Amino acid sequence: MLFTVAEKLMLAAGTYPCQWTYRDQVMSGEIQLEGSRVPVGEMFDAPGTWAEGEGSRSFEPHEDTSDVLRGRLRSGYETALLGVRIQHSLPGRSRVDGQMALTGSALPAKLLFDSVEFQVGGLTELAGVYPVKSITLPETLDSDAVISATWNAETAAQAWTTGDGDNLELEFTATIDHGRWYGFALSSAPVIRVSGRPRSAEDWMRQYVRPLAEITTLATLRPQPVSWVTLYHTAKVPPGLPFPDGVPHRETQHLPVQVFAADIAQQPYDAAPTEAPHLISYDTGALIRLGPDGATLPDLLAGWQSLQTTYITFFDYLTTALRASMSAKSRFLAMVPALEGFHLAKHGDGPIPRKDFKKQRKAVLQRIQEVDGLDQDDVEFLTSWLSVYGSYQLADRLRVTVDQELGEGLRERIRARTDPIPESLSSLVDQAEDVWAVMGTVRNRIAHGSDKQPLSAQLEALTRLAHTVAIGAALNLLGVPDTVLCAAIDQDRWPVI
């Protein structure tokens with residue numbers, strides 16, 4: 001564990017004069033690098049914007065695209081825009097838009113990087129450990145007063161290796177500030193570091209950075225940003241370039257490159273206790289944790305990747321709907337189909353393959369038509385209304401999900417609160433088998449515009465119930481115990497219905 005100067009971004013957000021290299025020419029311009037915004041800029045007197053004619057020239061607005069547009073800031077930093085669109089809309093001035101910007105003292109020719117360092121919101125809660133073991137304060141402010149802190153060296157740094165050979169670290173970097181005469185401060189910041197085979201910035205973002213922000217959003221049940229991202233590549237240090245670590249004898253250095261994109265906030269943060277309103281149970285602010293006896297980061301990432309590729313609609317709810325502010329009706333209509341899609345991916349469309357069902361259905365209808373004395377209207381009724389596909393009913397899908405896809409503790413708590421059907425919901429559907437039949441019927445009524453709509457309180461109760469099932473199923477898929485969720489329910493901090 002190293003005690004370092006406060007973690008600073010290489011480049012503060014702002015607008016910087018630069019020179020662009022476009023169509024093999026160098027021209028002046030500027031670039032705007034802001035947090036949580038796509039990088040944009042301007043190019044002055046770009047070549048090709050004027051159409052030359054005999055004795056005259058004219059301007060016609062047009063666009064150009066490029067995978068990469070390179071430039072250099074006036075400060076000496078190199079920059080590269082990725083996924084570029086150039087709009088030549090005014091004579092002599094061209095707007096530049098990029099999906100991502102890379103900025104550093106030296107950029108590699110192929111824009112491949114062998115490691116990434118980043119911070120996402122919620123890492124403190126996800127880590128499952130506290131970096132400072134104890135702090136001792138002086139009882140008096142004498143001239144020889146001593147303040148001390150004990151660093152939790154055993155657990156403040158965690159390391160893993162993935163099946164592909166990438167090395168992952170979650171570490172709390174510490175900062176000591178004693179620059180004032182009677183002041184002393186110790187702070188720490190959680191940081192993820194990953195190293196492995198060289199890959200592009202987008203590959204690092206897709207494989208590690210964005211998934212971690214999505215996982216911490218689920219873990220804390222609060223939208224969590226990507227705070228900052230720094231890529232590293234090994235290169236020879238150009239003459240006259242300051243050495244990043246102040247060691248002048250090295251011929252090669254691990255050079256940092258800052259990443260700007262719409263989903264990167266450019267806001268570093270220090271570790272802090274979870275605020276009381278954000279606690280899920282009395283003693284924790286996360287459903288998922290690493291650390292001793294917790295999950296491993298490679299397993300979480302692998303499980304998250306499986307969720308994304310196998311349970312698409314369900315994954316969309318966990319990543320999109322959890323971040324959005326939605327009404328109860330909108331959340332209900334997003335969540336129930338997500339649970340339906342989860343069951344479909346897990347258990348299929350129906351008890352038997354659709355092809356076999358259609359074949360059996362056809363045979364049954366043929367036998368019915370051969371029955372003597374059967375009214376033709378009855379035959380037509382059965383032909384029209386007998387299920388065409390043999391799919392599971394929504395209530396069956398919800399019922400099976402609770403029975404088979406939740407941890408035992410959570411399943412018992414849900415049953416205790418929903419069986420029998422709560423009185424507040426019993427009037428919604430006549431002679432409903434259980435609360436899952438009520439939920440399925442209500443979803444269909446809302447979706448089809450029925451006159452029999454639930455009251456706001458009833459819809460909110462069903463939404464809370466479906467949300468509890470969705471979170472429990474996600475935890476179970478990730479191999480994470482539902483201990484915190486069950487504790488929150490027992491403490492009346494998490495209403496099931």
Side-chain angles (χ1 to χ4, degrees), residues 36 38-39 67-68 80-83 98-104 107-108 110-123 126-127 157-171 190-220 223-234 254-266 288-290 294-312 314-316 318-320 322-323 474 477-480:
S36 302
V38 295
D67 293 335
V68 181
L81 280 181
L82 310 181
Q99 297 177 358
M100 186 183 296
L102 309 177
T103 303
L107 299 183
K110 295 183 178 181
L111 296 181
L112 296 178
F113 305 89
D114 47 30
S115 64
V116 64
E117 184 175 287
F118 63 94
Q119 195 179 50
V120 300
L123 277 182
L126 183 70
Q158 304 176 60
W160 309 269
T161 301
T162 70
D164 295 330
D166 290 344
N167 296 312
L168 284 77
E169 296 178 31
L170 169 55
E171 183 180 26
V191 177
I192 294 282
R193 297 185 180 91
V194 191
S195 60
R197 60 174 177 78
R199 66 203 79 174
S200 68
E202 178 57 33
D203 285 343
W204 284 115
M205 292 290 292
R206 175 184 52 79
Q207 190 170 357
Y208 289 105
V209 180
R210 295 190 186 106
L212 254 297
E214 293 165 350
I215 289 172
T216 55
T217 293
L218 172 63
T220 62
Q224 299 294 353
V226 176
S227 301
W228 54 267
V229 180
T230 301
L231 301 166
Y232 289 88
H233 67 104
T234 303
H254 212 41
L255 300 179
V257 174
Q258 188 174 345
V259 184
F260 290 85
D263 55 353
I264 303 177
Q266 309 299 333
I288 305 169
R289 70 172 182 84
L290 306 173
T296 70
L297 199 49
D299 287 345
L300 273 182
L301 288 165
W304 198 251
Q305 176 65 24
S306 176
L307 260 174
Q308 183 178 15
T309 56
T310 307
Y311 308 96
I312 300 172
F314 187 63
F315 181 83
D316 286 344
L318 295 176
T319 54
T320 304
L322 282 183
R323 290 181 174 272
L477 272 178
L478 293 172
V480 175

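All figures in this text were calculated on a predicted structure; none of them were measured in a lab.
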Inset, instruction - Please tell me if the side chains of L318 and E214 come closer than 4.5 Å, counting only heavy atoms from C-beta onward. - result: no
Legend entry - Which residues share a salt bridge (charged side-chain N to carboxylate O under 4.0 Å, His left out) with R289, sequence neighbours left out: none
Inset, instruction - For the residue pair E171 and V191, establish whether any side-chain heavy-atom pair is separated by less than 4.5 Å. - result: no
Inset, instruction - Find out whether Q158 and L290 are in side-chain contact, i.e. whether some heavy atom of one side chain is under 4.5 Å from a heavy atom of the other. - result: yes
Legend entry - Beyond-backbone contact of S306 with L477, side-chain heavy atoms, under 4.5 angstrom: no
Inset, instruction - Would you confirm whether T216, through its side chain, and G121, through its main-chain N or O, come within 3.5 Å as a donor-acceptor pair? - result: yes
Inset, instruction - Indicate yes or no: at least one non-hydrogen side-chain atom of W204 is less than 4.5 angstrom from one of F118. - result: no
Legend entry - Parallel, tilted or perpendicular: rings of H254 and Y232 (30°, 60°): parallel
Inset, instruction - Find out whether L301 and W160 are in side-chain contact, i.e. whether some heavy atom of one side chain is under 4.5 Å from a heavy atom of the other. - result: no
Legend entry - Heavy-atom check, side chain of L168 versus side chain of I192, under 4.5 Å: no
Legend entry - Side chain proximity check, P39 to M100, heavy atoms < 4.5 angstrom: no
Legend entry - Minimal non-hydrogen separation, A80 against L111, with atom names: CB-CD1, 4.4 Å
Inset, instruction - Mind checking the CD1-CG spacing from I288 to L218? Nearest 0.5 Å is all I need. - result: 4.5 Å
